[in-house]
2 protein chains.
Amino acid sequence: METRFVYPDDCIAALATPFGESALAVIRTSGAGSIESLAKLTENPESLEKAGGNTMVFGYLKDPDTSEQIDQVMFGIFRAPKSYTGEDSVEMYCHGSIPGIDRILQTLFSHGFRQAQGGEFTLRAFLNGKMDLTQAEAVHELVTARTRTAQHLALGRLKGSIYHQIDGYKKLLIRVQAGVSIQLDYPDDEVEEIPWDFEVLDRIQKGLETLLASYSTGRLFQEGVVVALAGRTNAGKSSLFNLFLKEDRSIVSAIPGTTRDYIEAPLSLKGVPVKLYDTAGLRVIEESIEQEGIRRTTQVMGRSDCILYLVDGTQGLTPEDEEQLATWEQRPLIRVWNKIDAEGVLRTPAGFLPLSATTGEGFSSLEDRLYTEAVKSRGAGLEGTDAVIDSARQKRCLEDTLGALADLQQGIAQRMPLDALALDLQRALGALGEITGEVTREDILDAMFSGFCVGK
Amino acid sequence: METRFVYPDDCIAALATPFGESALAVIRTSGAGSIESLAKLTENPESLEKAGGNTMVFGYLKDPDTSEQIDQVMFGIFRAPKSYTGEDSVEMYCHGSIPGIDRILQTLFSHGFRQAQGGEFTLRAFLNGKMDLTQAEAVHELVTARTRTAQHLALGRLKGSIYHQIDGYKKLLIRVQAGVSIQLDYPDDEVEEIPWDFEVLDRIQKGLETLLASYSTGRLFQEGVVVALAGRTNAGKSSLFNLFLKEDRSIVSAIPGTTRDYIEAPLSLKGVPVKLYDTAGLRVIEESIEQEGIRRTTQVMGRSDCILYLVDGTQGLTPEDEEQLATWEQRPLIRVWNKIDAEGVLRTPAGFLPLSATTGEGFSSLEDRLYTEAVKSRGAGLEGTDAVIDSARQKRCLEDTLGALADLQQGIAQRMPLDALALDLQRALGALGEITGEVTREDILDAMFSGFCVGK
């Protein structure tokens, strides 16, 4: 990763849209001189060179070595500092042709541009002061969000929901520090005790603790939970699977051509991304190798956050059901008594949730129960949170800050010397500054941006 | 498809980039009032309403029903007639978040926009006189091109390579028609014979015939050929497969994350797209069901345009090889004598092409042979063609034109009455006009644009 900082001023380029046949593709470039370098690759260089910022220029991209035209392109011109990266930048809206995209990139790479690394555009935006680190992280979180709620939370962070909170606490801490500094500057003045504003310190600590606690929610909304549908053949697993698909209004439906995988389905459970596995589906796929199917089913059940175990209510509990329920007893598991609409159904036993996967009766109770089991039991949930963190890095910085503040409080209680307390304060401020990236180290930036997708 | 023409003036919207997690996504809209309708969905409507054409405006898209922000977006503003469609149009460059894209589209669809049908943006461009039909067809051909050559040919068509030729021939024919009209207007003047310009008529016919003949090349470059690698186990099929992959400098390599399917690989053979199947790969996948593997291999060989049959030169021809070669004798087949670098290799028999898939010796001869077998034998090739058609519709129109011109020539020879000859001329002109879309019918447009991808 050492190249990341070697040439901060060179021109970078990357495909910013998925690589595939489509109406349009966007190729993004950035760097001082990028507009001029790209102009040389067009039929009419002046039209780009003279274009104002935030304008679009229609033209043809050509290979300067052969003068052959490569594509008809709309060029989006951005002039520093009014661009995503803060540098001169050109975005090319070109045809989504696979050989076309390839050829454009190859031409760029042999004429003054290099392939951007993952997250490099956003890194430059950060380095050029266009955003703080919490916003930079939010860019990646926004793109990879799997439900509307997760996307909405990330958008909030991108707009600065974390940054503004941290910044507020930092200002309060700086005020506290200022008071201490005055005391340190006049050590000869005999002051019995400096007037610590415990109310402010408490407010900061409580606020940061709330933010820290939001991490489990943040991770949950970003990573999601795995739910496995299990039970004997004909217990109604596939019906319930389809019911989940049908009831989930948040999953993508508007885009033609979206295909669904009928073994694993992405759902949204009150905004929490859920991967729902139909273990029947796992078995069907592998019907020729029954052992392998059973192994996979066990694997999926083992790593799920919650198991929905279906029993056919018209058949009642079989020895096989009892064995399975005993096996998975230690894991979060919801017992479902299915087919309550069917004739001759047996009475729902205690501990079972009655359901008809056919009519949908009992489904909303099942959803509530699943939310409790898979989300609330993990101390997560959206209630009363307006800013949620979703970054292990931010979590660590918050822990460091809170650790320093705890040391400070303890030091005050133990009447430690003022210069020792001042160091605790400094440490707390340093850790807070790391969250937003005021104070930062190259290795942290490297680790952070290397997980980004290319083109961001 | 009847809705295609029902509301030519309403606002349409579609995702124009592939649907997937990525840095950016482009959502395209078009229609009178689209800028104003979109402005209402933003936090700062004036910034869009007052924006000039070909400019970019940064802003937030919101759901007007809940006032919730949906995404941070760069809006590309295009004002009629200076837009792709010729109508007012907004392109949104937004985050490539799956739930985000879904939510934006849903918001658009419930606030004045409807989902664009496949090709509807290009259809509007045609209806508004931004391009002729050959250029409209080229848009789709460009996007779906599989090699650089195919993409280059389509770009030529998009720029009007077909249109200009057709237009030239049309002008010549109109001149001929004018001469005839004068004669018809003055029927009483006794003129022995009108001075037909046979040279011009011949030039038109030859030109159109060349264009018509280019269709097989056009189809070949767009559709490509299927090549199957066959032979006994250990004949070296996988080595040759990998050699093809390695030698093919045109296949996509620059984009990180491109995965290769090792059973079927897309290659470019001098610009012709090739799907290369390794039948060994087909067998490996299905190893548990050997019969199925053999069935699939036979299927692939049966529908291939050329079979490369490898024989292990150190083993010589086995009865199995001879049986296979006899079976596929009627199909284009290249016999390859592999492992010529190995110790103890037998002398290459007549009719076999010597190769070492390990060292690459003989590979370029194999490529030449494959090109001859799969491309030239079909009467195709790029030699001496600057405009190549790739549209069954254009082919049909050319045939109709040529048919009418043949009737005309015959009529002249048979000294048919002038008004009958005028009808032939009119027919030829009509068919030519259909190619570019001057003369057209709704059902033809429907059939044409329904094959397009959404967002184009």
Side-chain angles (χ1 to χ4, degrees), chain A residues 14-26 28 54-57 68-72 74 76 78 91 93 95-103 105-106 109 115 121 139 142-148 150-152 155 158-159 250 252-258 288-289 453-456, chain B residues 14-26 28 54-57 68-72 74 76 78 91 93 95-103 105-106 109 115 121 139 142-148 150-152 155 158-159 250 252-258 288-289 453-456:
Chain A
L15 178 66
T17 44
F19 185 54
E21 201 176 287
S22 57
L24 293 180
V26 182
R28 195 174 229 187
N54 282 42
T55 63
M56 308 241 240
V57 178
E68 203 179 57
Q69 289 184 349
I70 301 177
D71 200 7
Q72 208 181 47
M74 186 62 81
F78 301 90
E91 288 185 0
Y93 312 111
H95 288 95
S97 144
I98 291 177
I101 292 168
D102 185 43
R103 177 129 197 226
L105 287 175
Q106 296 294 1
F109 296 154
Q115 168 76 53
F121 291 92
V139 170
L142 181 58
V143 162
T144 56
R146 285 198 267 136
T147 66
R148 286 191 177 182
Q151 188 260 2
H152 184 72
L155 183 62
L158 180 60
K159 288 190 64 193
S250 75
V252 173
S253 52
I255 291 112
T258 305
S288 63
I289 319 161
C453 58
V454 172
K456 257 298 165 206
Chain B
L15 178 66
T17 45
F19 184 55
E21 201 176 286
S22 57
L24 293 179
V26 182
R28 195 174 229 186
N54 282 42
T55 64
M56 308 241 240
V57 178
E68 204 177 58
Q69 289 183 348
I70 301 176
D71 200 7
Q72 210 180 45
M74 186 62 81
F78 300 89
E91 287 185 2
Y93 312 111
H95 288 96
S97 145
I98 290 178
I101 292 168
D102 186 42
R103 177 129 196 228
L105 287 175
Q106 296 295 0
F109 295 154
Q115 168 77 53
F121 290 92
V139 170
L142 182 58
V143 161
T144 55
R146 286 197 267 136
T147 66
R148 287 191 177 181
Q151 189 258 2
H152 184 72
L155 182 62
L158 180 59
K159 288 189 64 194
S250 75
V252 174
S253 53
I255 290 112
T258 304
S288 63
I289 319 162
C453 58
V454 172
K456 257 299 165 204

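The candidate from Ala23(B), Gly20(B), Ala150(B) with the greatest count of non-hydrogen atom pairs under 4.5 Å with chain A is Ala23(B). Contact tally against chain B (heavy-atom pairs below 4.5 Å) for Ala16(A), Gly455(A), Gly96(A): the top residue is Ala16(A). Note: Thr144(A) leads Thr55(A), Val139(A), Val57(A), Thr144(A) in heavy-atom pairs under 4.5 Å with chain B. Per-residue counts of heavy-atom pairs under 4.5 Å with chain A were compared for Ala14(B), Gly76(B), Pro18(B); the largest is that of Pro18(B).
Heavy atoms closer than 4.5 Å to chain A are found in the side chain of Val26(B), but not in its backbone. Interface residue Arg146(B): only backbone heavy atoms are found under 4.5 Å from chain A. For Tyr93(B), the part lying under 4.5 angstrom from a heavy atom of chain A is the side chain only.
Between Ser22(A) and Val143(B), the shortest heavy-atom contact is O-CG1, 3.1 Å.
With sequence neighbours left out, the side-chain hydrogen bond (donor to acceptor under 3.5 Å, both in side chains) criterion links Gln69(B) to Lys159(A), Glu43(B). Residues satisfying the salt bridge (Lys or Arg N to Asp or Glu O under 4.0 Å) test with Glu21(A), not counting sequence neighbours, are none.
Atom CZ of Arg148(A) is separated from atom CD of Gln106(B) by 6.0 Å, given to the nearest 0.5 angstrom. Taken from CG in Leu158(B) to CG in Asp71(A), the straight-line distance is 8.5 Å, to the nearest 0.5 Å.
Under the 3.5 Å distance criterion, the side-chain polar atoms of Gln151(A) are left unmatched by any main-chain donor or acceptor of Ile98(B). In terms of modelled atom types and a separation under 3.5 Å, the side chain of Asn54(A) and the main chain of Met56(B) share a donor-acceptor contact.
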Worked verdict on Glu91(A) versus Leu24(B) for side-chain contact (heavy atoms from CB on, under 4.5 Å): CA-CA 11 Å; Glu91(A) 288 185 0; Leu24(B) 293 179; 4.2 Å; yes
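Contact of the His95(B) side chain with the Leu155(A) side chain is not registered, since no non-hydrogen atoms from C-beta on lie closer than 4.5 Å.
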